[in-house]
Amino acid sequence: MIQMTARRTTPATLLTRVRDRSPGLAPGLLGGALAAGLGLGVFAVLVILLWVSSPYPDSGPGGALRVAAALWLLAHGTELVRMDTLSGVPAPVGVPPLLLLALPVWLLHRAARDVAEGGAGGKAPLVPGRTAWAGVLLGYLAVGVPAALSCAGGGLRPAWGTAVCVPLVAGLAAGAGVWTAYGRPSGPLERVLGAVLPRGARHLVLGPDGRPGVAVRAAVAGVTVLAGGGALLFAVSLGWHAGETGQGFLRLTEGWSGWLAVLLLCVTLAPNAAVWAAAYALGPGFLLGTGTQVTPLSSPPAPPLPPFPLLAAVPDVGAGTAPNWAAAALPVTAGLVVGWFVGRGAARSGPAPAPAWTRGRTVGAAGLAAVLCAALLSVLAALAGGPLGAAALARFGPVGWQVGAAALAWLALVAVPASLAVRAWRRRPPGGDPGNRLPGPGAPRNRRAPKEARPAPPVRRRPAPPPPRDDPDEPYPSHRTRDSVSGLWDWDMPFGVRDAVTAPGEEDPPSGPRE
């Protein structure tokens with residue numbers, strides 16, 4: 001009894017054992033909690049400053065802090081419910097400012113990366129990825145859950161059905177941070193792609209060297225062009241209606257504190273407006289309420305809306321005119337950019353000299369790039385919209401599936417012929433080659449072509465092994481990936497890049513393109 005009493009385990013001893021058995025868990029918990037605290041602190045400082053400078057505050061400091069916590073949840077995609085409405089009916093608020101999403105994502109990514117690296121500047125071994133990811137996620141939720149519960153009794157309450165967005169965003173951002181700390185290995189992506197895509201399409205998404213494939217680079221370029229062009233289109237429309245924009249500031253609020261608050265809200269909603277403009281250029285447009293869809297063809301009368309400055313950029317009521325139809329140049333430009341990326345990759349498909357892709361493979365790559373670009377844009381459109389009230393304002397912004405379908409149609413229509421044209425142009429014979437030059441009008445007809453040099457006798461070498469069965473059309477760089485002792489392949493190489501290694505005393509196979 002005395003020995004058992006003397007060896008009784010204390011809580012501090014249990015915590016020490018857990019920490020020793022799970023290296024990196026305690027720093028992960030601390031890093032996740034710090035990331036959540038910093039994010040909440042930024043929102044709290046902004047709200048408190050606006051509350052202090054407001055001449056007519058509605059509530060005390062506690063109410064301001066609850067509003068800050070609600071905005072923090074909205075930045076993760078959680079839908080809020082506004083209780084203090086004029087009609088007494090709770091109104092949902094589900095349009096998250098996309099610019100606010102960048103803050104928690106950046107904090108989580110950096111926290112997970114620092115925890116996985118161990119904080120020793122590369123001198124210490126990396127912390128296990130699962131441990132670092134779980135620690136950051138649990139620490140983040142340990143601060144986020146009480147914050148969500150604290151604003152449950154305020155004027156802006158979270159809709160608990162959408163609160164799952166907080167752990168979803170935290171998990172994805174923390175996973176990306178751990179992946180960055182490990183040097184962005186291609187193994188996890190290869191396993192996912194191997195279970196989803198056919199063999200011939202995997203290298204179009206992830207190249208043999210682990211870098212993004214041709215289809216991914218083309219899709220990202222297409223999304224960039226559409227988003228950037230949407231921002232330009234929105235800026236032009238806002239400048240065209242500059243008078244209405246200025247009146248919106250004056251009518252919506254009074255005093256410099258109110259104008260500053262409205263200006264900050266407009267800045268955070270600017271990426272949403274760029275996505276809305278891209279959806280307008282693609283054709284489906286966006287909704288200004290249930291049954292009110294604004295497109296380049298027509299703009300019906302919208303329900304009564306507050307005089308918000310960004311809404312001044314909405315086209316005038318009526319049928320579309322030539323300036324409205326000119327927005328179609330944006331998806332055409334995006335399709336040409338996607339086709340140029342694919343055509344360039346088809347003409348030179350690898351770092352080593354390799355035959356160009358066939359026309360069918362080029363068309364397939366352009367189609368896959370169009371699908372990826374449409375999927376990304378559909379996700380952005382779904383995030384950029386949402387409800388802003390009940391009844392008529394239950395649907396506000398672009399519809400994700402409509403934007404994705406329109407983007408797929410535009411890009412497939414333009415990118416496929418553009419990629420074939422770029423492929424043919426880059427594969428044209430060089431103009432300075434005399435053998436490919438047509439005879440001029442003054443040249444003699446019986447001119448004989450120069451005699452070709454006799455080829456050297458072939459050297460007997462061991463034939464090179466056939467390319468992997470994963471994708472015969474893709475060129476592979478030569479890597480020595482077989483263990484000289486065991487003779488086993490290194491199956492962790494990107495998509496099984498496994499070239500033969502000669503045994504001692506044998507000649508190396510000739511390095512060059514495979515037929």
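Residue indices begin at 1 and follow the sequence shown. Here the structure is a predicted model, which means the values were calculated and not measured.
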How long is the span from the CG atom in L260 to the CG atom in L263, to the nearest 0.5 Å?
6.5 Å
Set out, in order, the CA-CA distance, both residues' side-chain angles and the distance that settles side chain to side chain contact (heavy atoms under 4.5 Å, CB included) for L65 and V47, then state yes or no.
CA-CA 7 Å; L65 292 177; V47 173; over 6 Å; no
Residue pair F286 / T295, side-chain heavy-atom distance below 4.5 Å
no
Should V169 and L101 be marked as a side chain to side chain contact (heavy atoms under 4.5 Å, CB included) after you check the CA-CA gap, both sets of side-chain angles, and the distance that decides it?
CA-CA 9 Å; V169 171; L101 179 62; 4.2 Å; yes
Are the side chains of T180 and H109 in touch, meaning some heavy atoms are under 4.5 Å apart?
yes
Looking only at atom types and distance, does a side-chain atom of T78 sit under 3.5 Å from a main-chain N or O of L74, one as donor and one as acceptor?
no
Distance in Å, L103 CG paired with L38 CG, rounded so as to fall on 0.5 Å steps
8.5 Å
Is any side-chain heavy atom of W325 less than 4.5 Å from a side-chain heavy atom of L297?
yes
Would you say the side chain of P185 lies within less than 4.5 Å of the side chain of W179, judging by non-hydrogen atoms?
yes
Can you tell me how far the CH2 atom of W340 sits from the CH2 atom of W425, to the nearest 0.5 Å?
14.5 Å
Considering only heavy atoms from C-beta outward, does the side chain of T292 approach that of L287 to under 4.5 Å?
no
Which donor-acceptor pairs under 3.5 Å do the side chains of residues 215-237 make with protein atoms, sequence neighbours left out?
unit_1 : atom_1 : unit_2 : atom_2 : d
R217   : NH1    : P212   : O      : 2.6
T224   : OG1    : V220   : O      : 2.7
S237   : OG     : A313   : O      : 2.6

If you round to the nearest 0.5 Å, how far is CG of L368 from CG of L204?
6.0 Å
Quickly, which of L46, V45, V52 forms a side chain to side chain contact (heavy atoms under 4.5 Å, CB included) with I48? Name it, please.
V52
Answer whether the closest heavy-atom distance between the side chains of V294 and P315 falls below 4.5 Å.
yes
Tightest non-hydrogen contact, residues A152 and P158, listed as CA-CD, 4.3 Å
Any side-chain to backbone donor/acceptor pair from Y182 onto G129? Under 3.5 Å, distance only.
yes
Any donor-acceptor pair under 3.5 Å linking the side chain of R395 with the backbone of G289?
no
Grab the two heavy atoms, one from A148 and one from W160, that are nearest each other, plus how far apart they are.
O-CH2, 3.6 Å
Mind checking the CZ-CG spacing from R66 to L71? Nearest 0.5 Å is all I need.
13.5 Å
Let's go through H241 and D316 carefully: what are the C-alpha distance in whole Å and the side-chain angles of both, what is the deciding distance for side chain to side chain contact (heavy atoms under 4.5 Å, CB included) to 0.1 Å, and is it a yes or a no?
CA-CA 10 Å; H241 301 86; D316 298 331; 3.4 Å; yes
What is the minimum heavy-atom distance between L80 and A70, and which atoms define it?
CD1-O, 3.5 Å
Is it the case that the side chain of T362 and the backbone of T358 share a donor-acceptor pair, with hydrogens and angles ignored and the cut-off at 3.5 Å?
yes
Strictly distance-based, threshold 3.5 Å: is any side-chain N or O of S378 a donor or acceptor partner for the main-chain N or O of A375?
no
T162 side chain to E79 backbone, donor-acceptor under 3.5 Å:
yes
Between the side chain of R423 and the main-chain N/O of W357, is any donor-acceptor distance below 3.5 Å?
yes
Please check if the side chain of N272 supplies one atom and the backbone of G385 the other of a donor-acceptor pair under 3.5 Å.
no
Name the atoms and distances for all side-chain donor-acceptor pairs under 3.5 Å in residues 397-408, with sequence neighbours left out.
unit_1 : atom_1 : unit_2 : atom_2 : d
Q402   : OE1    : Q293   : NE2    : 3.2

Looking at every non-hydrogen atom in both residues, tell me the closest pair between A173 and L108 and how far apart they are.
CB-CB, 3.7 Å
Do R359 and L420 have side chains that approach each other closer than 4.5 Å (heavy atoms only, starting at C-beta)?
yes
For residues P167 and L141, determine if any side-chain heavy atom of one lies less than 4.5 Å from a side-chain heavy atom of the other.
yes
Above 12 or not: heavy atoms from other molecules or residues under 6.0 Å from CH2 of W133?
no
Separation between OG1 of T245 and CH2 of W240, rounded to the nearest 0.5 Å:
13.5 Å
Chi angles and distances behind the side chain to side chain contact (heavy atoms under 4.5 Å, CB included) call for V93, V81
CA-CA 6 Å; V93 179; V81 179; over 6 Å; no
Please find the pair of heavy atoms, one from L411 and one from C373, that lie closest to each other, and give the distance.
CD1-SG, 3.4 Å
Any donor-acceptor pair under 3.5 Å linking the side chain of W410 with the backbone of V332?
no
Least distance between heavy atoms, G39 atom then L107 atom
N-CD1, 3.6 Å
D114 side chain to A111 main-chain N or O, any donor-acceptor pair under 3.5 Å?
no
